[in-house]
2 protein chains.
Amino acid sequence: MAVRGAVPEVIWARPERTGRGPKPAYTRDDIAAAAVRIADAQGLDAVSMRHVAAELGCGTMSLYNYVPRKEDLHELMVDAVSAEHARWEPSGDWRADMRRVAGQTRELMRRHPWLPRLMSPAYGFSPNALRYLEHCLACLDPLEAPYGTKLEFIALLNGMVTTYVRNELDTAERVRALPWSEDEENAVRIAYLGSRIASGAYPRMAAAFAEDAGPIDLEAVFERAVERVLDAFDPERGAR
Amino acid sequence: MAVRGAVPEVIWARPERTGRGPKPAYTRDDIAAAAVRIADAQGLDAVSMRHVAAELGCGTMSLYNYVPRKEDLHELMVDAVSAEHARWEPSGDWRADMRRVAGQTRELMRRHPWLPRLMSPAYGFSPNALRYLEHCLACLDPLEAPYGTKLEFIALLNGMVTTYVRNELDTAERVRALPWSEDEENAVRIAYLGSRIASGAYPRMAAAFAEDAGPIDLEAVFERAVERVLDAFDPERGAR
DNA sequence: ACCGCACTGCGTACGGTGTACGTAACTACG
DNA sequence: CGTAGTTACGTACACCGTACGCAGTGCGGT
């Protein structure tokens with residue numbers, strides 16, 4: 001049966017090779033790697049079917065033999081970099097392990113700044129996503145809670161990390177397409193914000209800015225946020 | 001000075017009317033409203049400069065007199081719907097007030113399913129965003145904490161709500177562009193997930209699925225998540 | 001052994017996108 | 001009253017995702 005018909009399918013359920021005809025010139029991993037290479041170097045917007053095909057060294061439409069829609073290419077990319085997630089023998093201290101998971105996810109996203117934008121619950125079924133989830137659950141074995149709660153914990157922590165890193169990197173990624181630099185952009189926005197605050201319409205924001213004018217330490221902010229989320233699920237949270 | 005030169009600017013700092021030449025036919029609000037109308041009815045992908053111009057009843061390129069880049073149009077849209085945020089006299093119970101804020105934000109995003117995808121820290125300077133932030137800070141007046149902590153609180157809660165609603169709506173928005181229905185998509189993915197779990201490679205996930213096979217109550221999950229975040233910032237969190 | 005068919009590879013084409021640029025009309029200021 | 005700065009907008013370009021058609025290839029069934 002030809003690929004042409006529009007039928008719902010998960011790309012992972014689709015076999016790479018069906019047996020008939022000439023053998024494919026590329027593997028799914030080749031394609032994902034090519035797309036990731038482009039995204040890392042030139043940003044997510046540069047990941048077009050044409051560019052990926054050129055990077056692979058084949059015609060544009062040949063790509064569609066491997067990837068029915070561009071969306072599936074994105075799914076392949078997310079799964080490919082998810083393979084970079086390290087998995088270790090749980091230490092028995094779930095807080096320490098989850099802290100490490102969070103930090104590692106953040107590092108992963110900093111290596112691949114396009115990742116947060118591509119994160120979708122629909123991609124949670126990919127092989128490496130499943131492995132990652134199982135590993136998180138293993139780390140949470142010492143935590144006495146039903147699996148439902150653990151899953152909500154993982155979702156909340158992951159969501160927080162994703163949101164956080166996205167906010168951290170969004171401007172940097174966005175600015176790539178802009179004709180001016182990130183610093184210029186920020187300077188202009190800060191200046192505008194200052195003028196608004198000076199209007200007196202936002203007394204508490206003015207106080208907030210007056211309170212702490214020093215440069216914010218993103219590292220510390222991230223670690224505090226992680227600790228908050230861990231606290232929220234710690235039965236012994238009484239002991240600060 | 002003509003708009004043509006690429007100069008960093010915040011759209012809010014740009015005056016709507018400069019005085020010379022023929023008076024503009026539309027206001028910024030007209031344009032934002034038209035874009036929001038299209039996004040609500042046909043999804044975010046339908047919001048193109050051409051469509052918005054047609055909705056307004058003017059030529060495509062005329063739009064660029066009001067909005068230098070499409071990105072700015074998105075900023076206008078986010079600000080426009082942010083005006084729907086209700087602001088009330090803080091009750092004195094910050095938990096109750098923040099709960100209400102979270103619920104309201106969720107409702108706002110359900111009315112405008114494209115909103116989560118457009119949320120960006122760069123849009124935090126718009127007039128309505130500033131009003132919203134000031135209101136949140138007012139609600140947090142009873143909480144004894146430095147403004148830095150309060151801002152981190154608001155960011156974490158907002159991020160959680162955004163992530164949550166996005167996960168809730170992402171598939172629905174995404175499926176609009178797909179040639180099959182959301183149910184078909186889900187059925188196929190669940191079936192694949194089942195086959196993976198049946199492989200035995202993911203014992204904890206298997207256990208998680210065995211533990212609670214009932215349909216998940218999204219409402220309850222959301223409320224629990226909100227409560228977790230509130231707990232994380234509650235000095236009296238010892239009293240469950 | 002050989003035919004047929006499913007598959008790969010790929011060029012072409014279509015309808016869409018954001019937006020640079022040039023031109024014409026208009027109005028408030030010097 | 002000129003003229004400079006603005007609005008309005010048609011045209012054009014480069015790029016996008018992808019439907020379709022055709023040529024070549026090699027395995028499965030007979």
Side-chain angles (χ1 to χ4, degrees), chain A residues 1-7 14-28 30-31 34-35 38-39 42-77 174 176-180, chain B residues 1-7 11 14-28 30-31 35 38-39 42-77 174 176-180:
Chain A
M1 173 147 120
V3 186
R4 298 297 151 79
V7 155
R14 199 162 42 106
E16 280 213 58
R17 180 90 172 91
T18 42
R20 211 59 154 270
K23 66 177 168 190
Y26 313 100
T27 67
R28 228 169 249 170
D30 291 337
I31 294 168
I38 294 175
Q42 299 165 250
L44 184 57
D45 291 340
V47 177
S48 71
M49 298 302 270
R50 279 171 241 259
H51 278 171
V52 174
E55 174 82 17
L56 276 172
C58 72
T60 305
M61 294 315 288
S62 307
L63 249 192
Y64 283 89
N65 285 325
Y66 303 84
V67 175
R69 297 164 303 128
K70 195 192 180 184
E71 169 110 25
D72 294 304
L73 179 62
H74 287 161
E75 193 158 350
L76 287 185
M77 292 171 67
R174 220 168 43 88
R176 206 198 288 266
L178 261 43
W180 52 78
Chain B
M1 172 146 125
V3 187
R4 296 297 151 80
V7 156
I11 184 137
R14 195 159 52 103
E16 279 211 58
R17 181 91 171 89
T18 43
R20 212 57 157 268
K23 65 178 170 190
Y26 313 100
T27 67
R28 226 169 250 170
D30 291 337
I31 294 169
I38 293 176
Q42 298 165 252
L44 184 57
D45 292 340
V47 178
S48 71
M49 299 301 270
R50 280 171 239 263
H51 278 172
V52 173
E55 173 83 16
L56 276 172
C58 71
T60 305
M61 294 315 288
S62 307
L63 249 192
Y64 282 89
N65 286 322
Y66 302 86
V67 174
R69 296 164 302 127
K70 197 192 179 185
E71 169 110 26
D72 294 305
L73 179 63
H74 287 161
E75 194 159 348
L76 287 186
M77 291 172 68
R174 219 169 45 86
R176 204 198 289 264
L178 261 42
W180 52 77

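All values derive from a computational prediction rather than experimental measurement.
- Counting heavy atoms from C-beta on, the side chains of B:V47 and B:M77 come closer than 4.5 Å.
- Listed nucleotides: C:dC21, C:dG9, C:dG11. Nearest to the side chain of A:N65: C:dG9.
- Side chain of A:E16 to main chain of A:R28: a donor-acceptor pair is present (N/O by atom type, distance under 3.5 Å, no hydrogens or angles).
- Between the P atom of C:dT17 and the OH atom of B:Y64 lies a distance of 11 Å, rounded to the nearest Å.
- Backbone-only engagement by A:G59 is indicated by non-hydrogen atom pairs under 4.0 Å involving sugar-phosphate atoms exclusively.
- Residue contacts for B:S48: at a heavy-atom cut-off of 4.0 Å it reaches the sugar-phosphate backbone alone, with no base atom in range.
- Remark: the backbone N or O of A:Y26 is paired with a side-chain donor or acceptor of A:Y66 at under 3.5 angstrom.
- Considering only the side chain of A:R50, C:dA13 comes nearest among C:dC29, C:dA13, C:dG9.
- Distances shown here put every side-chain N or O of B:S62 at or beyond 4.0 Å from the OP1 or OP2 atom of D:dT7.
- Per the geometry, CG belonging to A:L63 stands 12 Å off C1' belonging to D:dT18, to the nearest Å.
- Comparing B:K23 and B:H51 along DNA chain C, the residue whose closest nucleotide (by nearest heavy atom) sits nearer the 5' end is B:H51.
- With rounding to whole Å, B:M49 atom CE is found 6 Å from C:dT19 atom P.
- If you measure from atom OH of A:Y66 to atom C1' of C:dC10, you get 12 Å, rounded to the nearest angstrom.
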- Task: Evaluate the side-chain hydrogen bond (donor to acceptor under 3.5 Å, both in side chains) criterion for residues B:D30 and B:T27: first the C-alpha distance (whole Å), next the side-chain angles of each, then the deciding distance (0.1 Å), finally the verdict.
- Result: CA-CA 5 Å; B:D30 291 337; B:T27 67; 3.3 Å; yes
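- Looking at heavy atoms from C-beta onward, A:D72 lies in side-chain contact with A:R69 at the 4.5 angstrom threshold.
- With distances taken from any side-chain atom of B:M61 to the nucleotides D:dA8, C:dT12, C:dT19, the minimum falls on C:dT19.
- Closest to the side chain of A:P22, from the set C:dT8, C:dT17, C:dC29, is C:dT8.
- If you find the closest nucleotide of DNA chain D to B:A25 and to B:G21, the one lying nearer the 5' end belongs to B:G21.
- Residue contacts shown for B:A53 are absent, as no nucleic acid heavy atom lies under 4.0 Å away.
- The CD1-P distance, from A:I38 to D:dC16, rounds to 10 Å in whole Å.
- As a whole-Å value, the separation of A:L56 CG from C:dT8 P is 15 Å.
- Separating the NZ atom of A:K70 from the P atom of D:dT18 is a distance of 8 Å, rounded to the nearest angstrom.
- The side chain of B:R20 lies closest to C:dA28 when the candidates are C:dT19, D:dA8, C:dA28.
- Between the CZ atom of A:R14 and the C1' atom of C:dA6 there is a distance of 14 Å, given to the nearest Å.
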